[in-house]
Participant: 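Here's a structure for you.
Note that the structure is a prediction, hence the values are computed from the model and not measured.
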Amino acid sequence: MIPAGYMAKHIGTKPDWLKADNVIDIYSVGDCISKDFTDYIDYWKHNGFWFFDSPQVIKKLSEENSISLDGTTLFYYEVYRLEYHADDPSWREFKPEHNIPVQVDIPEIKTLAGFDVVTFSTGAMPDCSPLSCNSLAENIRTNNHCLLDTFEEAKQNLENGELLKGEPGPYRIFAVYLTEWA
């Protein structure tokens, strides 16, 4: 897994339309249900994976632009080095945005919450998390945070087509960690 960066998110509770009884809240990488702390793209402080290299970058951006971080949870992400393409089907290498540097500070303390599969139909920026956004957690076993427990489950559910029933890919597997503000 490759260090991809950090994101502060407002955690959403399970929406009424998601009929997955064990899910309590949504820790998805996608911004559809659990919203990012702001629409950060226009500030151009993100790295080539479209996350942040450190919690300090998020804090500084927030302070300089009067963006409140109250009520946010800090996540640290790692991404599998290959993305899945359903059209062949095959695993292919991908790279971060080539003209945006990536220098992720790895957290000293991180707690694995699970694994998410995220669509990247627009290219470099994460789109949707089919487990939550497309209600696939109704038929695929997830944990309380609408994530898969293991990398192997994520990979298997892509290869057997279960996670391809939502938004178009390519698809990337992320390890989703909770971490602390430094």
Participant: State, yes or no, whether a side-chain contact exists between Asn144 and Val23 at a heavy-atom distance under 4.5 Å.
Facilitator: no
Participant: For the residue pair Cys133 and Ile33, what are the closest heavy atoms and their distance?
Facilitator: N-CD1, 4.5 Å
Participant: Considering only heavy atoms from C-beta outward, does the side chain of Leu163 approach that of Leu131 to under 4.5 Å?
Facilitator: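 A side-chain contact exists here, since the closest heavy-atom pair is under 4.5 Å.
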Participant: Can you get from Leu18 to Ile11 by hopping between Ile, Leu, Val, Met, Phe, Trp and Tyr side chains that sit under 4.5 Å apart?
Facilitator: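 In one cluster: no.
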Participant: Please say which of Asn134, Asp116, Thr119 ends up in a side-chain hydrogen bond (donor to acceptor under 3.5 Å, both in side chains) with Ser129.
Facilitator: Asp116
Participant: Salt bridge between Lys45 and Glu64, side-chain N to carboxylate O under 4.0 Å?
Facilitator: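 No salt bridge links Lys45 with Glu64.
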Participant: Quick one: does Thr179's side chain have a donor or acceptor within less than 3.5 Å of a partner on Ile109's backbone?
Facilitator: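 Looks like yes, one N/O pair under 3.5 Å.
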Participant: Under a single-linkage definition using a 4.5 Å side-chain heavy-atom cutoff for Ile, Leu, Val, Met, Phe, Trp and Tyr, are Ile24 and Leu147 assigned to the same hydrophobic cluster?
Facilitator: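 No: no chain of side-chain contacts under 4.5 Å links Ile24 to Leu147.
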Participant: Distance from Met7 atom CE to Thr73 atom OG1, nearest 0.5 Å?
Facilitator: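 So the gap between those two atoms works out to 13.0 Å.
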Participant: Can you tell me if Thr150 uses its side chain to pair, donor with acceptor, with the backbone of Glu153 under 3.5 Å?
Facilitator: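 Side chain of Thr150 to backbone of Glu153: a pair is present.
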Participant: Can you list every pair that meets side chain to side chain donor-acceptor pair (under 3.5 Å) and has a residue in residues 24-38, with sequence neighbours left out?
Facilitator: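 Passing the test, one end in residues 24-38: Lys9-Asp36, Asp25-His145.
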Participant: Between Thr142 and Asp149, is a side chain to side chain contact (heavy atoms under 4.5 Å, CB included) present by the stated rule, with each step listed?
Facilitator: CA-CA 7 Å; Thr142 66; Asp149 287 327; over 6 Å; no
Participant: Is the closest basic N to carboxylate O distance between Glu83 and Arg172 below 4.0 Å?
Facilitator: yes
Participant: Could you check if a side-chain atom of Val176 sits within less than 4.5 angstrom of a side-chain atom of Val29, using non-hydrogen atoms only?
Facilitator: yes
Participant: Please report the closest heavy-atom contact between Tyr80 and Phe94, naming both atoms and the distance.
Facilitator: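 Heavy atoms only, the tightest pair is O-CE2, 3.1 Å.
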Participant: For atom CD of Glu180, is the number of surrounding heavy atoms from other residues, nucleotides or ligands below 6.0 Å larger than 12?
Facilitator: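 Counting neighbours around CD of Glu180, 12 or fewer heavy atoms of other residues, nucleotides or ligands fall under 6.0 Å, so no.
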Participant: Could you check if a side-chain atom of Pro126 sits within less than 4.5 angstrom of a side-chain atom of Phe49, using non-hydrogen atoms only?
Facilitator: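 No, side chains not in contact.
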Participant: Can you check whether Leu178 reaches Leu74 side chain to side chain, under 4.5 Å on heavy atoms?
Facilitator: no
Participant: Would Lys110 count as a cation-pi partner of Tyr76, with NZ or CZ less than 6.0 Å from the six-membered ring centre and within 45° of the ring normal?
Facilitator: no
Participant: Would you give the length of the straight line joining atom SG of Cys146 to atom CD1 of Ile26, rounded to the nearest 0.5 angstrom?
Facilitator: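 Cys146 atom SG to Ile26 atom CD1 measures 4.0 Å (nearest 0.5 Å).
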Participant: Measure the acute angle between the ring planes of Phe75 and Tyr77, then classify it against the limits of 30° and 60° as parallel, tilted or perpendicular.
Facilitator: parallel
Participant: CG/Leu136 to CG/Leu164 distance, rounded to the nearest 0.5 angstrom?
Facilitator: 9.0 Å
Participant: Restricting to non-hydrogen atoms, name the atom on Leu148 and the atom on Ala154 that form the minimum distance, rounded to 0.1 Å.
Facilitator: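 So the two residues come closest at CD1-CA, 3.4 Å.
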Participant: Is Glu78 reaching over with its side chain to a backbone N or O of Ala175, donor-acceptor style, under 3.5 angstrom?
Facilitator: no
Participant: Scan for side chain to side chain donor-acceptor pair (under 3.5 Å) pairs involving residues 48-59, sequence neighbours excluded, and state none if there are none.
Facilitator: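 Residue pairs with at least one partner in residues 48-59: Asn47-Asp53, Ser54-Gln56.
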Participant: First locate atom OG of Ser62, then atom OH of Tyr43, and finally report the distance between them rounded to the nearest 0.5 Å.
Facilitator: 8.5 Å
Participant: Using a cut-off of 6.0 Å, state whether more than 12 heavy atoms not belonging to Asn99 lie near its atom CG.
Facilitator: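 Enclosed.
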Participant: If I compare all heavy atoms of Ala20 with all of Ala137, which pair ends up nearest, and what's the gap?
Facilitator: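 The pair with the smallest heavy-atom distance is CB-O, 3.6 Å.
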Participant: Is any side-chain heavy atom of Glu159 closer than 4.5 Å to one of Trp91?
Facilitator: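 Contact flag for Trp91/Glu159 side chains = yes.
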Participant: For Asp105, what residues pass the salt bridge (Lys or Arg N to Asp or Glu O under 4.0 Å) criterion, not counting sequence neighbours?
Facilitator: none
Participant: What closest approach, in Å, do Glu97 and Ala124 show between heavy atoms, and which atom pair accounts for it?
Facilitator: OE1-CB, 3.2 Å
Participant: Flag the pair Val117 / Asn157 as yes when at least one side-chain heavy-atom distance between them is below 4.5 Å, and no otherwise.
Facilitator: no
Participant: Please lay out, stage by stage, how Phe37 and Phe52 fare under the test ring pair (Phe, Tyr, Trp, His ring centres under 6.0 Å).
Facilitator: CA-CA 12 Å; Phe37 70 103; Phe52 295 90; 5.8 Å; yes
Participant: If we ignore hydrogens and angles and just use 3.5 Å, is the side chain of Asn143 paired with the main-chain N or O of Gly114 as donor and acceptor?
Facilitator: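 Looks like no, no N/O pair under 3.5 Å.
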Participant: How close do Ser68 and Asp70 get, heavy atom to heavy atom, and via which atoms?
Facilitator: OG-N, 3.1 Å
Participant: Decide if the gap between the ring center of His46 and the ring center of Phe51 is smaller than 6.0 angstrom.
Facilitator: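 No, too far apart.
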